[in-house]
> 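Take this structure first; my questions come after.
Numbering of residues begins at 1 and proceeds along the displayed sequence.
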Amino acid sequence: MQRVLCLLIGYCFGIILTAEIVTRHVAGVRPDDIGSKNPGMANVMRELGFKPGIIVLAGDCAKTAAALFLCRALFPSLHALSMFYAMMGVVLGHNFPIWKHFRGGKGVAVTCVSIFIISPLWGLAANIVGFLAVLITGYLPLGAVLIPLAFIPLAFIYFGPESGVLIGLCTVIMFLRHCKGLRRIRRGEEKKMHLLKWIKNKKQHGER
């Protein structure tokens with residue numbers, strides 16, 4: 001029952017899509033109406049500027065942290081497992097919000113923040129793996145999938161099989177949300193992004 005409650009709490013936090021709030025406030029539109037139509041930081045930053053994108057990222061980080069720490073406080077007997085279930089709930093809520101007919105984001109930020117909160121050292125290492133993949137290849141979908149994938153063996157080793165299965169499920173969801181981009185990479189059709197240059201340009205020229 002505690003596991004189910006952690007999932008539900010995580011889901012309730014996950015369905016709060018910061019991008020919806022920010023885009024309506026800044027531009028009077030929904031994320032569905034701009035760019036890639038994805039309610040995430042990258043789309044908002046690309047279309048509306050650096051500051052709105054950072055606010056979206058901060059909001060997604062905050063809701064994730066709130067869900068994980070709340071579940072850890074409410075269900076101490078589960079130890080870290082409470083946060084793994086909360087992470088699963090946040091990912092499901094962010095990607096499949098019931099109030100948007102289950103059409104949400106891709107869950108990159110919430111996944112990255114979750115694994116860092118659960119294990120700062122190994123979570124950071126997994127995030128670095130994905131970041132380096134994007135820097136080297138220029139492909140965002142590849143980095144997004146590699147982050148939870150890299151964390152799977154670490155979860156099994158340090159937190160047990162149940163935790164490993166949960167992060168494995170998150171990896172499957174991440175793969176499914178990025179499968180179109182991965183197919184484009186295989187066909188040589190995916191547009192490369194020079195990440196650091198892109199962020200620098202958005203910071204300099206993001207205010208329109």
> With Asn127, which residues qualify under side chain to side chain contact (heavy atoms under 4.5 Å, CB included), at least two apart?
Cys112, Ile115, Phe116, Ile147
> Honestly curious: do Val90 and Leu8 fall in one hydrophobic cluster under the side-chain, below-4.5 Å linking rule?
no
> In chain order, what residues pass the side chain to side chain donor-acceptor pair (under 3.5 Å) check against Arg184, with sequence neighbours excluded?
Glu190
> Taking only Lys NZ, Arg NE, NH1 and NH2, and the carboxylate oxygens of Asp or Glu, determine whether Arg103 and Asp32 approach each other closer than 4.0 Å.
no
> Are the side chain of Tyr139 and the backbone of Ala133 linked by a donor-acceptor contact shorter than 3.5 Å?
no
> What pair of heavy atoms forms the shortest contact from Asn38 to Gly104, and how long is it?
OD1-O, 3.9 Å
> Side chain to side chain contact (heavy atoms under 4.5 Å, CB included) with Ala144: which residues, sequence neighbours excluded?
Val108, Met174, His178
> Are Val110 and Val134 linked, directly or through intermediate hydrophobic residues, by side-chain heavy-atom contacts shorter than 4.5 Å (ILVMFWY only)?
no
> In this structure, are over 12 heavy atoms from other groups packed under 6.0 Å from Phe175 atom CZ?
no
> Looking at every non-hydrogen atom in both residues, tell me the closest pair between Pro141 and Gly181 and how far apart they are.
CG-CA, 4.0 Å
> How many angstroms lie between atom CZ of Phe50 and atom CD1 of Ile55, to the nearest 0.5 angstrom?
10.5 Å
> Is any side-chain heavy atom of Cys71 closer than 4.5 Å to one of Met83?
no
> Do Phe102 and Leu169 share a hydrophobic cluster, counting only Ile, Leu, Val, Met, Phe, Trp and Tyr and linking them when any side-chain heavy atoms are less than 4.5 Å apart?
yes
> List for me each residue that meets side chain to side chain donor-acceptor pair (under 3.5 Å) alongside Asp33, sequence neighbours excluded, and say none if there are none.
none
> Answer yes or no: is there a side-chain heavy-atom contact under 4.5 Å between Leu81 and Phe75?
no
> What residue pairs, at least two apart or across chains, pass salt bridge (Lys or Arg N to Asp or Glu O under 4.0 Å) with a residue in residues 117-146?
none
> Only counting residues at least two apart or in another chain, list the ones meeting side chain to side chain contact (heavy atoms under 4.5 Å, CB included) with Arg24.
Glu20, Arg30
> Nearest 0.5 angstrom please: Lys106 NZ to Leu140 CG, how far?
9.0 Å
> Going from NE2 on His79 to CZ on Phe84, what distance comes out if it is rounded to the nearest 0.5 angstrom?
13.5 Å
> Under 3.5 Å, which donor-acceptor pairs do the side chains of residues 151-161 form with other protein atoms, sequence neighbours left out?
none

> Run the salt bridge (Lys or Arg N to Asp or Glu O under 4.0 Å) test against Arg187 and tell me which residues pass, sequence neighbours left out.
Glu189
> For the residue pair Ile167 and Met87, establish whether any side-chain heavy-atom pair is separated by less than 4.5 Å.
yes
> Quick one: side chains of residues 60-70, donor-acceptor pairs under 3.5 Å with protein atoms, not counting sequence neighbours, listed by atom name and distance.
from  : atom 1 : to    : atom 2 : distance (Å)
Asp60 : OD1    : Thr18 : OG1    : 3.1
Lys63 : NZ     : Gly14 : O      : 2.9
Lys63 : NZ     : Ile16 : O      : 2.7
Lys63 : NZ     : His94 : ND1    : 2.9
Thr64 : OG1    : Asp60 : O      : 2.7

> Treating Ile, Leu, Val, Met, Phe, Trp and Tyr as nodes and any side-chain heavy-atom pair under 4.5 angstrom as an edge, say whether Leu5 and Leu92 lie in one connected cluster.
yes
> Thr23 and Asn43: side chain to side chain contact (heavy atoms under 4.5 Å, CB included), yes or no, with the steps?
CA-CA 10 Å; Thr23 56; Asn43 185 36; over 6 Å; no
> Show the nearest heavy-atom pair for residues Pro39 and Pro31, with the distance to one decimal.
CA-CB, 3.7 Å
> Examine Val172 and Tyr85 and state if one hydrophobic cluster contains both, with Ile, Leu, Val, Met, Phe, Trp and Tyr joined whenever side-chain heavy atoms are less than 4.5 Å apart.
yes
> To the nearest 0.5 Å, tell me how far Leu7 CG sits from Cys12 SG.
11.0 Å
> For residues Leu48 and Ala27, report the shortest heavy-atom separation together with the two atoms involved.
CD2-CB, 3.9 Å
> With sequence neighbours left out, what residues match Arg177 under side chain to side chain donor-acceptor pair (under 3.5 Å)?
none
> Measure the spacing between CG of Leu17 and CG of Asn95 and express it to the nearest 0.5 Å.
9.5 Å
> Could you note down all residue pairs passing salt bridge (Lys or Arg N to Asp or Glu O under 4.0 Å) where residues 161-175 supplies at least one of them, sequence neighbours left out?
Arg3-Glu162
> Hey, could you give me the CD1/OG1 distance between Ile173 and Thr111, rounded to the nearest 0.5 Å?
8.0 Å
> Not counting sequence neighbours, which residues clear side chain to side chain contact (heavy atoms under 4.5 Å, CB included) with Leu121? List them please.
none
